[in-house]
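As the structure lists them, so they are numbered: ligands from 1, and atoms in each ligand from 1. Note that the coordinates shown come from a computational prediction; the quantities given were computed from them, not determined experimentally. FYI, the numbering just counts along the sequence from 1.
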Amino acid sequence: MHAELLAVRDQVHARNPGEVEFHQAVDEVFESLGPVIERHPEYVEAAVLERLCEPERQIIFRVPWTDDSGRVQINRGFRVEYNSALGPYKGGLRFHPSVYLGIVKFLGFEQIFKNALTGMPIGGGKGGSDFDPRGRSKAEVMRFCQSFMTELYRHLGEHTDVPAGDIGVGGREIGYLFGQYKRITNRYESGVLTGKGLSWGGSLVRPEATGYGTVLFANEMAKTRGRSLEERRVVVSGSGNVAIYAMAKAQQLGANVVACSDSDGFVVDEGGIDVDLVRQIKEVERGRLKEYAVRRGAGVSYVEGASVWDVNAEVALPCATQNEVGEAAATRLVASGVTVVAEGANMPCTPEAIAVFQSAGVLFAPGKAANAGGVATSALEMQQNASRDSWTFEYTEQRLTEIMVGIHDRCAQTAEEYGAPSNYVLGANISGFVKVAEAMLAQGLV
Ligand code: GLU
C-alpha cells in the first residue's frame, strides 16, 4: 500500500479498535487508491482520506420495547451518517444480532462509494440494530420498529437522511417505520424512506432491484469475454430478497440456477431452482429452506451445516452476508470451473478469496458495483416521490438496466485507464472515490 495511504489506514485502525469489518472495508478501498493520490496530491493536502473515514455523524441509541409476554427488552440502535458530499445520507437499516458499530460503519463506508457509482445524487449512510427478528411475532416486530423510529425520526428527512431495508428489514418493517415517522412528525413525507409498499409511495422494481442488478452486472462482465449468462450453471448463496431476485433474473437470461442456501444449509435442484417456491417459503411463510426439499420431493437434495460453495458453479453469486466466501471456498470454486463472481451481498468475499479469484483470471465484481441496483432504484423511488408520480415496471426496469450497464462500463473504463483491465475492484473503488473526493474538495473543509 502507498505510504500516505498506509499512514491513514494505521490511524483509522488505531482510532476504531476492534471494528474488524470496518478495517477490512477501508483496507480494501485503500489498496486501490495508490495511483489516484499520485495523480491528485490535492486530495492528500485537503485530508480527503482522513475525512472520508470519519463519519459526519454517528448516532447510537437505546431501543426499549416489550415482548408478547410483557417482558421489557432493550436493544441498541445505530445510524451512521457517513458522507453527504453527493446528497442526503442514503443506505439501509439492518436488523440482525450480529449488528454493532463496526458492522454499521463497514456498510456505511461501502455505501458512500456504491452510491457515488450509481450516478444518482445520494450520500452514504447505514443503520440498524442488534434486534433479532427471527422467531418474533408481527406485533413484536411492530413495537420494536415503532420504538426504533421514536428515537431515529429526529435525524431523518427527505433532504437529510433516507433509510431503506437491508438484512432483516423488508417491506413489512419499512411500513411500521414509515407509519411511526408519519405519526410523530404529522407529515406525509414519502421520500423519507425507500422500499415502501406500492400503494403508499413505493416504486415498482425496488424489491427486485438488488438481485436483478447483480445479474445484469454479471452478464455485462461475462459478455466482455464473448459469452453471456445464457446456459451457464449458476450457484447463489442466500435465499432472501437479493438471492431470490438474482435467481429470477438469471433464469430470465437463460441460465441454469442449481443451488441456493440459508444459514442452516443449502438445496441443490439440478432441474433449476423453483424461485416462486423459495419466495413462498422464505418471504411469505417466513420459513426455512429445508422445507423446499420436502415440498419439491425426489431429485432435490438438502444439505445441512455445509457450504453451498461445495456445489460446482460456472457463475457464483454470493447473496447472503459478509465474509461468507473465504479462501478455501474460493479455491474450490475456481477448481470447479467458476469464471464469473458477482457480489449481491455486501463484502461477502474475504480479501483472500478475492485474491484467489483475481489470480485465477475470474471476472470478479465487488458488491459496491454489482449490488448497487438496489440503492439506485431507491433513488428512483425518491425521484418518483418528489414528483408525486409513479412509473411503469418497464420504464423503471429500463432505468435500472441503464444504470447497471453504466456502472459496469465506468468500472471497466477506469480499470483500463489505470492499467488494470478487467479489475473491477480497482475500477469501482477509484471511480467511486474520485467522484466523492471532487465533491468534497469543491465544498471546502466541512
Ligand atoms: N441495503 C441496500 C444496500 O446495501 C439498499 C440501501 C438503500 O436502498 O438505501 O445498498
Residues two or more places apart in sequence or in another chain: which of them pass side-chain contact (heavy atoms from CB on, under 4.5 Å) with R279?
->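 side-chain contact (heavy atoms from CB on, under 4.5 Å) check on R279 returns I244, Y245, E283.
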Got a sec, which pairs hit salt bridge (charged side-chain N to carboxylate O under 4.0 Å, His left out) with one end in residues 210-219, sequence neighbours left out?
->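 Sorted result for residues 210-219: empty, none.
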Not counting sequence neighbours, list each pair that qualifies as a salt bridge (charged side-chain N to carboxylate O under 4.0 Å, His left out) and has a residue in residues 251-263.
-> D262-R288
Residue pair K249 / T214, side-chain donor-acceptor N/O under 3.5 Å =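 No, no side-chain donor-acceptor pair sits under 3.5 Å.
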For K196 and N385, test the side chains for any donor-to-acceptor distance below 3.5 angstrom and give the result as yes or no.
->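 Side chains of K196 and N385: pair found under 3.5 Å.
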For ligand 1, run through the N/O pairs with the protein that fall under 3.5 Å and put one pair on each line.
residue, atom, partner, partner atom, Å
ligand 1, 1 (N), K126, NZ, 3.2
ligand 1, 1 (N), G165, O, 2.9
ligand 1, 1 (N), D166, OD1, 2.9
ligand 1, 4 (O), K114, NZ, 3.0
ligand 1, 4 (O), K126, NZ, 3.0
ligand 1, 4 (O), N346, ND2, 3.1
ligand 1, 8 (O), R206, NH2, 3.0
ligand 1, 8 (O), S378, OG, 2.6
ligand 1, 9 (O), K90, NZ, 2.7
ligand 1, 10 (O), Q111, NE2, 3.1
ligand 1, 10 (O), K114, NZ, 2.8

Indicate, with yes or no, if the rings of F22 and F106 have centres closer together than 6.0 Å.
-> no
